Undergrad: 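Sharing a structure below in structure tokens format, with a few things to ask.
Not measured: the values here are computed from a predicted model.
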Amino acid sequence: MVKKLIEKYGTPLYIYYEEVIEKRIKKVKEVFKNVNFFPTFAVKANNNPNLLRIIHKNGFGMDILGEGELYACKLAGIPGDKIVWNGNGKTTKQKEKMKEYGVKYVNIDSVEEFENLWKNDDEFTLFLRVNPDIDAKTHPYISTGLKNHKFGVSFDLAEKILKTGKIQGLHIHIGSQITTIEPFKEAIEKTLELAQKYNINKINIGGGWGIKYKKEENELNLEKYKKEIIPILTNFEMVINEIGRFIIAPAGILAIKVILVKETENKNFVVTESGMNHLIRPALYNAYHEIEVLNNQEDNITADVVGPLCESGDFLAKNRKIKKPNPGDILIVKNVGAYGYSMANNYNGTTRPVEILIKKDGKDLIIRKGEEISDLYKNVII
Ligand SMILES: Cc1ncc(COP(=O)(O)O)c(C=O)c1O
């Protein structure tokens, strides 16, 4: 199937599967079936409007950061009353755009933001992001709930804002790719005390559900989540979550071609056409993505799988044992549906790839064209 798509569309190629998206959504909904659940999808994980439309059709609203992600929601036809606006640097101009579209929910990140934008506002439903000072035990760059992180307000500062009576809900998001229940539980329990003290009956518990990037890893244990966390949430009149990665990461793969295999005295390098421009997670977080080589080789090699860009950080895998590839072979990088294309970039004057959707009936559709080099320079004035 992938080979046929590559013949049709070439490489590099982002491929998403509708069936997987729907399966993952079902899993999330099943966990929350006994609470007043308002699920949203974190658009930062993947902003392709065609995918957002599928997710929305399956009952999800959207969590967005700014005007760019609002635009994706507009293209997907998602109404404002199903949108939650997040961010630690909101501006008056953004607020105007959100208001114009009818965005309903906002998560306030600081006392300063409250003073600047929300103190006198009656149009949005205001949630306050609290920082519970809890270690999510994930990569430091995607950990967000410790007091030295830039997100949210301490419980002491929160009380100052809550005393104004303007806030209707509390929000927490302690990080991403979290694979144990305990940090979620601790953060929610801590926040619950504050909610009770101020009669707050809406909560947004953020996203962060971890997936299985390595075969030997486990993803978040949903049975345990159901047993240990859901009972704490049943008294809320509204429970929002903002899950991105768990839904969309396993629904996407990246197919790339091997340019050459470079053998040196120290190391082997599999040089491919894509690197940190098309998937930056390994370079940024040392993240692991499974890589499958599509050939019939019996021999294995241990190699760094690297891109063609001018950075030593331009790698997709380090010291990876894989089937020995030949130039022209295809590699499949797994679990790239989240923070893959949405973090892709044009470094070294490279273009971003085509995105394809495989519908449930097996049909394939282009959902975003590949960029042309001229696209990169279209705003240049000479
Ligand atoms: C505020 C907020 N909500 C939701 C998410 C989505 O997280 P995830 O993709 O891990 O579910 C993020 C991502 O870090 C976030 O910052």
Undergrad: With a 4.0 Å cut-off, would you call Glu100 and Lys97 a salt bridge?
TA: no

Undergrad: Do Leu5 and Asp364 touch side chain to side chain, with heavy atoms closer than 4.5 Å?
TA: yes

Undergrad: Using the six-membered ring of Tyr339, assess whether NZ or CZ of Arg245 lies under 6.0 Å from its centre and within 45 degrees of the ring axis.
TA: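 No, Arg245 does not lie over the aromatic ring of Tyr339.
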
Undergrad: Please tell me if the side chains of Arg352 and Asn277 come closer than 4.5 Å, counting only heavy atoms from C-beta onward.
TA: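 Not in contact.
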
Undergrad: Verify whether the ring centers belonging to Phe151 and His173 lie closer than 6.0 Å.
TA: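 Centroid distance Phe151-His173: not below 6.0 Å, so no.
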
Undergrad: Is there a donor-acceptor pair closer than 3.5 Å between any side-chain N or O of His278 and the backbone N or O of Gly275?
TA: no

Undergrad: Between the side chains of Asp329 and Gln297, is a donor N or O closer than 3.5 angstrom to an acceptor N or O?
TA: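 Gln297 and Asp329 do not have a side-chain donor-acceptor pair below 3.5 Å.
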
Undergrad: Do Val84 and Phe114 belong together in a cluster built from hydrophobic side chains that touch within less than 4.5 Å?
TA: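 Result: no, two separate clusters.
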
Undergrad: Kindly assign one of parallel, tilted or perpendicular to the pair Tyr213 and His289, based on the angle between their ring planes and the thresholds 30° and 60°.
TA: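 Aromatic pair Tyr213/His289 classed perpendicular.
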
Undergrad: Under 4.0 Å between a side-chain nitrogen and a carboxylate oxygen: does that hold for Lys324 and Glu298?
TA: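 Looking at Glu298 together with Lys324, the answer is no, because their closest N to O distance does not fall below 4.0 Å.
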
Undergrad: Could you tell me whether the side chain of His56 and the main chain of Leu52 form a donor-acceptor pair under 3.5 Å?
TA: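 No, His56 side chain to Leu52 backbone: no donor-acceptor pair under 3.5 Å.
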
Undergrad: Can a donor-acceptor pair be found, under 3.5 Å and without considering hydrogens, that links the side chain of Asn199 to the backbone of Ala195?
TA: no

Undergrad: Looking at side-chain heavy atoms only, is the closest gap between Leu284 and Met343 below 4.5 Å?
TA: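 Leu284 reaches Met343 side chain to side chain.
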
Undergrad: Does any part of the side chain of Trp209, heavy atoms only, come nearer than 4.5 Å to the side chain of Val31, both counted from C-beta?
TA: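 Side-chain contact under 4.5 Å: yes.
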
Undergrad: Around atom CG of Asn296, are there more than 12 heavy atoms of other residues, nucleotides or ligands at under 6.0 Å?
TA: no

Undergrad: Kindly check if the number of other-residue, nucleotide or ligand heavy atoms within 6.0 Å of NZ (Lys29) is above 12?
TA: yes

Undergrad: So does Glu113 get a backbone contact from the side chain of Asn116, meaning a donor-acceptor N/O pair under 3.5 Å?
TA: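 No: the side chain of Asn116 does not pair with the backbone of Glu113.
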
Undergrad: Determine whether Tyr105 and Phe38 satisfy the following criterion, ring pair (Phe, Tyr, Trp, His ring centres under 6.0 Å), listing intermediate values before the conclusion.
TA: CA-CA 12 Å; Tyr105 301 94; Phe38 172 18; 5.4 Å; yes

Undergrad: Could you tell me whether Glu67 and Lys93 have a side-chain N and a carboxylate O separated by less than 4.0 Å?
TA: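 Yes.
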
Undergrad: Using side-chain heavy atoms (C-beta onward) and a distance below 4.5 Å, is Ile108 in contact with Phe127?
TA: no

Undergrad: Do Ile240 and Lys202 have side chains that approach each other closer than 4.5 Å (heavy atoms only, starting at C-beta)?
TA: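 They are not in side-chain contact.
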
Undergrad: Answer yes or no: are there more than 12 heavy-atom neighbours, outside Asn235 itself, under 6.0 Å from its atom CG?
TA: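 Not more than 12 within 6.0 Å, no.
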
Undergrad: Does this structure show an ion pair linking Lys166 with Asp121, if we count only N-O contacts that are shorter than 4.0 Å?
TA: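 No, no charged N to carboxylate O under 4.0 Å.
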
Undergrad: Could you tell me if Asn46 and Asn48 have a donor-acceptor pair between their side chains, going purely by distance under 3.5 Å?
TA: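 Not at all, the side chains of Asn48 and Asn46 share no donor-acceptor pair under 3.5 Å.
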
Undergrad: Can you tell which of Arg320, Arg281, Glu217 makes a side chain to side chain contact (heavy atoms under 4.5 Å, CB included) with Tyr288?
TA: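 Result: among Arg320, Arg281, Glu217, Arg320 is the only option passing the side chain to side chain contact (heavy atoms under 4.5 Å, CB included) with Tyr288.
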
Undergrad: Got a salt bridge between Glu290 and Lys215, using NZ or NE/NH1/NH2 to carboxylate O under 4.0 Å?
TA: yes

Undergrad: Of Asn326, Ile322, Ile332, which is the lone residue that meets side chain to side chain contact (heavy atoms under 4.5 Å, CB included) with Val293?
TA: Ile322

Undergrad: Are Ile174 and Ile181 co-members of a hydrophobic cluster defined by side-chain heavy atoms under 4.5 Å apart?
TA: yes

Undergrad: Would you call Lys224 and Glu182 a salt bridge, taking side-chain N to carboxylate O under 4.0 Å as the test?
TA: yes

Undergrad: Can a donor-acceptor pair be found, under 3.5 Å and without considering hydrogens, that links the side chain of Asn268 to the backbone of Glu263?
TA: no

Undergrad: Is it the case that the side chain of Asn201 and the backbone of Phe236 share a donor-acceptor pair, with hydrogens and angles ignored and the cut-off at 3.5 Å?
TA: no

Undergrad: Just by distance, do the side chain of Asn88 and the backbone of Gly152 share a donor-acceptor pair under 3.5 Å?
TA: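 No, because the side chain of Asn88 does not come within donor-acceptor range (under 3.5 Å) of the backbone of Gly152.
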
Undergrad: More than 12 non-hydrogen atoms from neighbouring residues, nucleotides or ligands closer than 6.0 Å to NZ on Lys57, yes or no?
TA: yes

Undergrad: State, with a plain yes or no, whether a side-chain heavy atom of Glu18 is found less than 4.5 Å away from one of Ile358.
TA: no

Undergrad: Check Glu69 with Lys44, please: is the shortest side-chain N to carboxylate O separation under 4.0 Å?
TA: no

Undergrad: Inspect the contact between Lys359 and Asp361 and indicate whether a charged nitrogen and a carboxylate oxygen are less than 4.0 angstrom apart.
TA: no

Undergrad: Give a yes or no on this: more than 12 heavy atoms of other residues, nucleotides or ligands lie within 6.0 Å of atom NZ of Lys369.
TA: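 No - once you tally the heavy atoms of other residues, nucleotides and ligands closer than 6.0 Å, there are 12 at most.
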
Undergrad: Can Lys197 and Glu159 be counted as an ion pair, charged N to O under 4.0 angstrom?
TA: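 A salt bridge is present here (some side-chain N lies under 4.0 Å from a carboxylate O).
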
Undergrad: Where the side chain of Thr11 meets the backbone of Leu13, is there a donor-acceptor pair that is under 3.5 Å apart?
TA: no

Undergrad: Between the main-chain N or O of Thr272 and the side-chain N or O of Lys257, is there a donor-acceptor pair closer than 3.5 Å?
TA: no

Undergrad: Report, as yes or no, whether the 6.0 Å neighbourhood of atom CD on Glu19 holds more than 12 heavy atoms from other residues, nucleotides or ligands.
TA: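 Not more than 12 within 6.0 Å, no.
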
Undergrad: Using a strict 4.0 Å threshold on nitrogen-to-oxygen distance, state whether Glu219 and Lys27 make a salt bridge.
TA: yes

Undergrad: Counting distance only, does the side-chain N/O of Thr40 pair as donor-acceptor with the main-chain N or O of Asn241 below 3.5 Å?
TA: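 Flag set: sc Thr40 to bb Asn241 pair under 3.5 Å.
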
Undergrad: Nearest 0.5 angstrom please: Tyr14 OH to Ser274 OG, how far?
TA: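 The distance works out to 8.0 Å.
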
